[in-house]
Amino acid sequence: MLSKIQITIATLLLTAAPVSFACDYPQPAEVPNGSTASKDDMLAGQTAVKDYMTAMEAYLACIETQEKDTVASMPEITEEERASRDAALTKKYNAAVQEMELVAARFNEEVRAYKENSE
């Protein structure tokens, strides 16, 4: 026999599943190799990184809105369920921000390498 918590979790997963595909996670920008890239390659890389950052900001806003809407559609949500959902959102959000930081750091490293090779 399923417990009330198991039934609630199963219901949440089934009702949230169609919504979970609404926010598309952007592919990381391709960062050129600064040691071998031309100026045009680096400028294209800069544009790709900026576009990626914009797409990730939209993704972050989307997952926040999606979670807010999902919770609003659950009138009988318990504090335990809310806390669990908040923790999951925070983990997903922080992972995306961390990836953004890694892409930016990688691009900055390649810019430094480009500048060293073009002097």
Side-chain angles (χ1 to χ4, degrees):
M1 185 165 133
L2 294 175
S3 71
K4 183 177 181 182
I5 292 175
Q6 289 172 319
I7 293 171
T8 302
I9 291 172
T11 302
L12 288 174
L13 291 173
L14 290 173
T15 58
V19 179
S20 66
F21 298 110
C23 301
D24 293 330
Y25 195 91
Q27 291 295 317
E30 290 197 28
V31 176
N33 180 337
S35 299
T36 59
S38 68
K39 181 178 181 179
D40 289 340
D41 292 337
M42 293 305 293
L43 290 173
Q46 180 183 35
T47 299
V49 169
K50 285 181 180 181
D51 291 347
Y52 167 73
M53 295 298 174
T54 300
M56 283 297 280
E57 288 171 3
Y59 168 78
L60 293 172
C62 180
I63 63 172
E64 287 182 311
T65 300
Q66 176 181 307
E67 181 60 16
K68 180 181 173 185
D69 293 347
T70 300
V71 170
S73 72
M74 303 169 64
E76 296 182 21
I77 189 170
T78 66
E79 285 304 314
E80 182 179 321
E81 291 168 330
R82 185 182 305 275
S84 176
R85 293 188 70 86
D86 286 347
L89 174 63
T90 298
K91 186 175 181 178
K92 183 187 267 188
Y93 190 99
N94 288 345
V97 169
Q98 183 178 20
E99 184 174 310
M100 291 170 70
E101 291 170 350
L102 290 172
V103 168
R106 194 167 79 238
F107 181 72
N108 288 335
E109 286 175 25
E110 297 304 333
V111 167
R112 284 189 291 278
Y114 173 78
K115 286 180 179 180
E116 286 177 11
N117 287 328
S118 51
E119 291 178 350

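Fair warning: this is a prediction, and the values are worked out from it, not measured in the lab. Throughout, numbering of the chain's residues begins at 1 and tracks the sequence.
Linking Ile, Leu, Val, Met, Phe, Trp and Tyr residues whenever their side-chain heavy atoms come within less than 4.5 Å leaves Met74 and Leu89 in two separate clusters. Note on Tyr52 and Leu43: separate hydrophobic clusters, where clusters join Ile, Leu, Val, Met, Phe, Trp and Tyr whose side-chain heavy atoms are under 4.5 Å apart, directly or indirectly.
Evaluation of the side-chain hydrogen bond (donor to acceptor under 3.5 Å, both in side chains) rule for Asp41 yields Ser38 as partners, not counting sequence neighbours. Scored by the side chain to side chain contact (heavy atoms under 4.5 Å, CB included) test, Asn33 finds Ser35, Thr36, Glu110 as partners (sequence neighbours excluded). Residues meeting the side chain to side chain contact (heavy atoms under 4.5 Å, CB included) test with Thr78, sequence neighbours left out: Glu80, Glu81.
Residues Lys92 and Tyr59 have side chains in contact (heavy-atom distance under 4.5 Å, counting atoms from C-beta outward). Glu67 has its side chain out of reach of Tyr93: every pair of non-hydrogen atoms, C-beta onward, lies at least 4.5 Å apart. Side chains of Arg82 and Asp86 form a contact here, defined as non-hydrogen atoms less than 4.5 Å apart. Under the 4.5 Å side-chain criterion, counting only non-hydrogen atoms from C-beta, Met56 is not in contact with Val103.
Residue Gly45 comes nearest to Phe107 through the heavy atom pair C-CE1, 3.8 Å, listed as atom of the first residue, atom of the second, then distance. Minimum heavy-atom separation, Gly34 to Met42: CA-SD, 4.1 Å. Minimum interatomic distance between Arg106 and Ala29 (heavy atoms only, all atoms of both residues): NH2-O, 3.4 Å.
Surrounding CD of Glu30 are at most 12 heavy atoms belonging to other residues, nucleotides or ligands under 6.0 Å away.
Within the model, atoms CD of Glu101 and CE of Met53 stand 8.5 Å from one another, a figure rounded to the nearest 0.5 Å. If you take CG on Asp51 and CD on Gln46, they are separated by 10.5 Å, rounding to the nearest 0.5 Å. To the nearest 0.5 Å, atom CZ of residue Arg85 and atom OG1 of residue Thr90 are 12.0 Å apart.
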